[in-house]
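Read the structure below first, then the notes.
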Number of protein chains: 2
Amino acid sequence: MLNQSAALDLMFQALADPSRRVMVDRLTRGPASVSELAKPLAMSLPAVVQHLQVLEASGLVRSEKVGRVRTCHIEPKALRNAEQWIAERRTIWERRLDRLGAILAAGEDESGESKT
Amino acid sequence: MLNQSAALDLMFQALADPSRRVMVDRLTRGPASVSELAKPLAMSLPAVVQHLQVLEASGLVRSEKVGRVRTCHIEPKALRNAEQWIAERRTIWERRLDRLGAILAAGEDESGESKT
DNA sequence: GTGATACTTAAGCACATGCTTAACCAATCG
DNA sequence: CGATTGGTTAAGCATGTGCTTAAGTATCAC
């Protein structure tokens with residue numbers, strides 16, 4: 001398994017492209033073939049396949065080929081990882097603000113706290 | 001204002017680099033100067049400043065310079081946008097699974113639904 | 001004023017990304 | 001069978017990214 005950080009790299013990188021987000025968006029509504037994914041995108045099929053490879057490398061999407069059609073679907077656990085990284089940071093921030101608020105409220109008339 | 005998609009591009013792109021995530025992480029614990037942000041990173045100061053520019057362009061971080069030190073802080077609203085994009089997609093997916101489950105449960109003994 | 005500190009600007013370089021076209025292969029269809 | 005459909009592979013190219021070093025500029029400390 002990749003280390004946590006490298007996995008997030010791939011994940012956020014994958015989400016950083018609008019075409020790939022369109023593909024993910026489509027896949028949240030159910031599985032699709034490569035050419036279905038390609039339909040709304042103004043680019044060649046090989047380009048779409050390359051985007052798909054980025055998505056698969058990130059773990060966000062999986063696909064299997066049966067006959068001559070490759071069917072893609074989302075891996076929601078992966079989405080969750082990215083979401084969680086962000087949520088954790090937001091939480092830290094909010095807790096910090098709470099503490100800060102408490103300190104300010106308590107020390108409203110004084111001026112010297114220990115540090116920062 | 002940037003359109004929604006371009007904003008997400010910048011946001012996810014900004015989060016796609018481990019050094020930048022370290023910087024964001026640091027900033028969730030409170031404001032910091034450029035050289036404080038640089039300390040844990042094994043790279044030159046200019047490189048750090050370039051990362052900082054990416055973060056600012058994404059709206060995730062802001063900074064002001066007073067005297068000769070530039071102080072950076074996080075913009076938690078921006079974090080929220082990225083989180084929300086992901087959360088929405090996950091929700092769509094989960095609702096879909098619920099519907100699918102209901103359909104399967106209802107039609108457990110039949111075999112012809114209208115279409116996929 | 002002299003020097004250290006905290007950046008800032010600019011140039012350059014190696015490698016990654018996002019596309020393209022052309023050619024190819026393998027499963028259907030008629 | 002031969003033609004289509006669905007996808008794959010390979011090569012090439014323009015632009016972007018992540019760093020570097022070298023040379024500034026603007027405070028602040030003495």
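Because the structure is a prediction, the values reported are computed rather than measured. Throughout, protein chains are lettered first and strands after them, A, B, ... in sequence-line order, and every chain is numbered starting at 1.
The structure places CD of E56(B) at 9.0 Å from CZ of R62(B), a figure rounded to the nearest 0.5 Å. Note that CZ of R26(A) is 9.5 Å distant from SG of C72(A), once rounded to the nearest 0.5 Å.
The shortest distance between the side-chain N/O atoms of K65(A) and the OP1/OP2 oxygens of dA27(C) is not below 4.0 Å. Checking the phosphate oxygens (OP1, OP2) of dC19(D), no side-chain nitrogen or oxygen of S44(B) falls inside 4.0 Å. Contact between the side-chain N/O atoms of R70(A) and the OP1/OP2 oxygens of dT8(D) is found at a separation under 4.0 Å. Taking side-chain N and O atoms only, H51(B) has a distance below 4.0 Å to OP1 or OP2 of dC19(D).
One can place CD of E64(B) at 18 Å from C1' of dT27(D), the figure rounded to the nearest angstrom. Here the P atom of nucleotide dA16(C) and the CG atom of D17(A) are 18 Å apart, to the nearest Å. One atom, CG of L45(B), and another, P of dT8(C), lie 9 Å apart when rounded to the nearest Å. Atom-to-atom, CE of M43(A) to P of dA14(D) comes out at 19 Å; the value is rounded to the nearest Å. Distance D9(B) CG to dG16(D) P: 13 Å, rounded to the nearest Å. Between K39(B) atom NZ and dT5(C) atom C1' there is a gap of 13 Å when expressed in whole angstrom units. Rounded to an integer number of Å, the gap from CG of L10(A) to C1' of dT17(C) is 14 Å. Protein atom CG of L52(A) is 15 Å distant from nucleotide atom C1' of dT9(D), rounded to whole Å.
For the pair R96(B) and W93(B), the distance from NZ or CZ to the six-membered ring centre is under 6.0 Å and the angle to the ring normal is within 45 degrees.
Ring pair F12(A)/F12(B) is parallel by interplanar angle, where below 30° counts as parallel and above 60° as perpendicular.
Within 3.5 Å, no donor on the side chain of R68(B) pairs with an acceptor on the base of dA6(C), nor the reverse. On a pure distance criterion of 3.5 Å, a polar donor-acceptor pair joins the side chain of Q50(A) and the base of dT20(C).
Checking each of L27(A), D25(A), I74(A) against R89(B) for a side chain to side chain contact (heavy atoms under 4.5 Å, CB included) leaves exactly one that passes, namely D25(A).
For R90(A), the CZ atom sits in a packed shell: over 12 heavy atoms of surrounding residues, nucleotides or ligands are nearer than 6.0 Å.
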Compile the donor-acceptor pairs under 3.5 Å between side chains in residues 16-24 of chain A and protein atoms, sequence neighbours left out, one pair per line.
| from | atom 1 | to | atom 2 | distance (Å) |
| --- | --- | --- | --- | --- |
| D17(A) | OD1 | S19(A) | N | 2.8 |
| D17(A) | OD1 | R20(A) | N | 3.2 |
| R20(A) | NE | A14(A) | O | 2.8 |
| R20(A) | NH1 | H51(A) | ND1 | 3.1 |
| R20(A) | NH2 | Q13(A) | O | 3.1 |
| R21(A) | NH1 | L15(A) | O | 2.8 |
| R21(A) | NH1 | D9(B) | OD1 | 2.9 |
| R21(A) | NH2 | S5(B) | O | 2.9 |
| R21(A) | NH2 | S5(B) | OG | 3.0 |
| R21(A) | NH2 | D9(B) | OD1 | 2.8 |

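When each of V66(A) and Q13(A) is assigned the nucleotide of DNA chain C bearing its nearest heavy atom, the one mapping closer to the 5' terminus is Q13(A).
Of all the residues in residues 22-38 of chain B, S33(B), V34(B), S35(B) reach under 4.0 Å from DNA chain C with at least one non-hydrogen atom.
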